[in-house]
Amino acid sequence: MPSPVRIIGTGLIGGSLGMALRRAGVDVQVEDVSPGTAALAVELGVGELPTTGSRSPELVLVAAPPDVAASLVDRALRRWPDALVADVASVKTTVLEGLRLLAREEDLPRYIGGHPMAGREVSGVIAARADLFQGRPFVVVPHESTLPDAVTVLKGLATEIGSVPITMDAGAHDTAVAHVSHVPQVLSSLLATTLLEPSEQALGLAGQGLRDTTRIADSDPRLWVEILGANAAAVGEVLTAVAARLEQVREALTTLQGDPDPGTGSRRALADLIAEGNRGVRRIPGKHGGGTDAFSTIVVLVPDRPGELARLLTEIGQIGVNLEDLRLEHELGREVGLAHVAIDATREDLLTRELTARGWRVAEA
Ligand SMILES: NC(=O)C1=CN([C@@H]2O[C@H](COP(=O)(O)OP(=O)(O)OC[C@H]3O[C@@H](n4cnc5c(N)ncnc54)[C@H](O)[C@@H]3O)[C@@H](O)[C@H]2O)C=CC1
Ligand SMILES: O=C(O)C(=O)Cc1ccc(O)cc1
């Protein structure tokens, strides 16, 4: 691992990177445009403030907003002529294009793009966590002249902080994140804007579905203006298709009012939407969505009494089944919570049988 690593921009991502690297034994130096933020980062264990006597960094990580990333990378390349320099901005083409305008030709091979696909809807160093990148993809984005050593170093860093390195070029990265991150942000925000209208009583009926689909609507507007603006073409293309689909749904619903002629196919249009959505969600890799059949989720009803969830987890352990993931759904005033328990698919029947025998109520997710 390179050491020292200089982190420029110690907010949520820079702070989390520093904490994770320090845990891996790396000497981390912190720098931020806000001295207060840098001082707080030191107090939170992100790294140390560099002094005049500090060693030059072997690697610089720029974790500032996307609009300043290219100029900070260029400055770092000039300040430390022997260091590798990476940025972690959520968009990669605009940073690379900006850098091509600013940087000296001979400095460019020491630059490599990066993007940890992990975040939180809260920003700032106060929300930083050493385990933020655990199990998450980390996109490594070399350009034509990137040094092979830079690719090796960034992939090694990604692995060291617990994430999974994936190499892509900037264009493929930006198209991919338009689909999996940027359009979801727009649609989640759009959905949340519809909640400004209903009464409080109406909102009191909200369940987990609304919470799931609006979680990221709480994101930072300043950051997202930069991200969406910098990936406007790719995001716009997906949204054009979404808008056409939305119009079809709206038309089908208009036709369905009154006494629709089955010949119009309106019910079919709605059924197609939901069914295609089913197919889409199953393509999300990982524990919940599919892409792999390795995990199953069972839902266990947990009485709203102290210690019940702990008892459930203990008994799952006693049955000898490894818990892969756990989500608790609990609405105020409800007498039971729903524990969504993700486990190895081959253990589902055993666990369902054993928990039922022990008096738990189990439903399939
Ligand atoms: N928030 C997220 O979920 C993710 C964000 N990213 C990317 O990481 C980068 C940082 O995002 P966050 O940590 O969420 O933002 P943040 O707002 O928590 O932190 C940004 C930090 O950069 C500092 N900063 C701003 N201008 C600077 C400058 N000129 N020089 C030095 N420091 C400067 C700010 O003072 C702040 O401490 C962005 O490029 C973002 O696109 C990447 C993955 C996930
Ligand atoms: O919360 C989530 O699910 C995210 O995926 C967060 C996220 C936000 C911005 C990024 O550039 C990368 C990841």
Side-chain angles (χ1 to χ4, degrees), residues 12 15-16 19-20 22-24 44-45 116-122 126-138 158-164 184 188 204-218 278 281-365:
L12 169 68
S16 300
M19 289 175 180
R22 259 199 152 178
R23 204 154 70 170
L44 293 172
M117 292 305 299
R120 305 182 68 187
E121 46 288 359
V122 277
I126 200 77
R129 289 190 344 214
D131 63 355
L132 188 67
F133 311 106
Q134 204 78 40
R136 307 289 307 151
F138 190 119
T159 308
E160 196 63 57
I161 61 174
S163 52
V164 183
S188 178
L205 305 184
Q208 201 57 36
L210 184 66
R211 291 190 178 88
D212 285 349
T213 47
T214 54
R215 177 180 64 81
I216 54 176
D218 220 12
N278 292 162
V281 77
R282 288 194 193 113
R283 294 196 68 211
I284 303 173
K287 296 181 177 180
H288 306 291
T292 159
D293 292 323
F295 296 109
S296 293
T297 301
I298 63 167
V299 179
V300 185
L301 275 63
V302 183
D304 185 19
R305 286 195 301 269
E308 286 297 290
L309 182 63
R311 183 167 71 86
L312 172 65
L313 300 185
T314 306
E315 292 191 11
I316 292 173
Q318 285 166 352
I319 294 164
V321 172
N322 200 21
L323 189 69
E324 299 296 340
D325 203 358
L326 173 71
R327 180 167 66 82
L328 192 63
E329 189 183 328
H330 190 221
E331 260 111 63
L332 218 59
R334 237 205 233 165
E335 283 175 12
V336 288
L338 303 178
H340 296 246
V341 176
I343 45 154
D344 183 329
T346 62
R347 315 282 280 163
E348 181 178 344
D349 289 346
L350 167 81
L351 186 63
T352 305
R353 206 172 49 240
E354 289 290 323
L355 285 177
T356 309
R358 288 163 184 247
W360 294 97
R361 283 175 58 203
V362 181
E364 220 180 288

Rounded to the nearest 0.5 Å, how far does OG of S163 lie from CG of D131? 12.0 Å
Hey, what do you get for CG (L351) to OG1 (T346), rounding to the nearest 0.5 Å? 11.0 Å
What pair of heavy atoms forms the shortest contact from L309 to L328, and how long is it? CD2-CD2, 4.1 Å
Taking side chain as C-beta onward, heavy atoms only, is I126 less than 4.5 Å from L44? yes
Mind listing the closest non-hydrogen atom pair of A339 and L326 along with its distance? CB-CD1, 4.2 Å
According to salt bridge (charged side-chain N to carboxylate O under 4.0 Å, His left out), who are the partners of D349, at least two apart in sequence or on a separate chain? none
Considering all heavy atoms of both residues, which atom of A128 and which atom of G15 are nearest to each other, and what is their separation? CB-C, 3.6 Å
Listed partners of R353 passing salt bridge (charged side-chain N to carboxylate O under 4.0 Å, His left out), at least two apart: none
Kindly say whether E348 contributes a backbone atom to a donor-acceptor pair with the side chain of S296 at under 3.5 angstrom? no
Residues forming a side chain to side chain contact (heavy atoms under 4.5 Å, CB included) with V122, sequence neighbours excluded: R120, A127
side-chain hydrogen bond (donor to acceptor under 3.5 Å, both in side chains) with R358: which residues, sequence neighbours excluded? Q318
Once you round to the nearest 0.5 Å, how far does CZ of F138 lie from OG1 of T159? 9.5 Å
Taking C-beta and beyond as the side chain, do D325 and T297 meet within less than 4.5 Å on heavy atoms? no
Suppose we screen for salt bridge (charged side-chain N to carboxylate O under 4.0 Å, His left out). Which residues come up paired with R361, at least two apart in sequence or across chains? none
Run the side chain to side chain contact (heavy atoms under 4.5 Å, CB included) test against T356 and tell me which residues pass, sequence neighbours left out. T352, V362
What residues form a side-chain hydrogen bond (donor to acceptor under 3.5 Å, both in side chains) with R22, not counting sequence neighbours? E48
So, taking the atom named CD in Q208 and the one named OG1 in T213, what distance separates them when rounded to the nearest 0.5 Å? 9.5 Å
By side-chain hydrogen bond (donor to acceptor under 3.5 Å, both in side chains) - contacts of E315 (at least two apart): R311, W360
Would you say the side-chain atoms of S188 pair up with the backbone N or O of P184, donor to acceptor, closer than 3.5 Å? no
Among residues at least two apart in sequence or on other chains, which ones pass side chain to side chain contact (heavy atoms under 4.5 Å, CB included) with N278? I274, R282
Provide the closest heavy-atom pair for A20 versus A130 in the form atom of the first, atom of the second, distance. CB-O, 3.4 Å
Contact between N322 and I343 at the side-chain level, heavy atoms closer than 4.5 Å - yes or no? no
Who pairs with E329 by side-chain hydrogen bond (donor to acceptor under 3.5 Å, both in side chains), at least two apart in sequence or on another chain? H340
Quick one: are D304 and V336 in side-chain contact, heavy atoms under 4.5 Å? no
Using salt bridge (charged side-chain N to carboxylate O under 4.0 Å, His left out) as the criterion, list what pairs up with R215, not counting sequence neighbours. E121
I316 side, atom CD1; L323 side, atom CG - distance, nearest 0.5 Å: 5.5 Å
Minimal non-hydrogen separation, S16 against R129, with atom names: OG-N, 3.0 Å
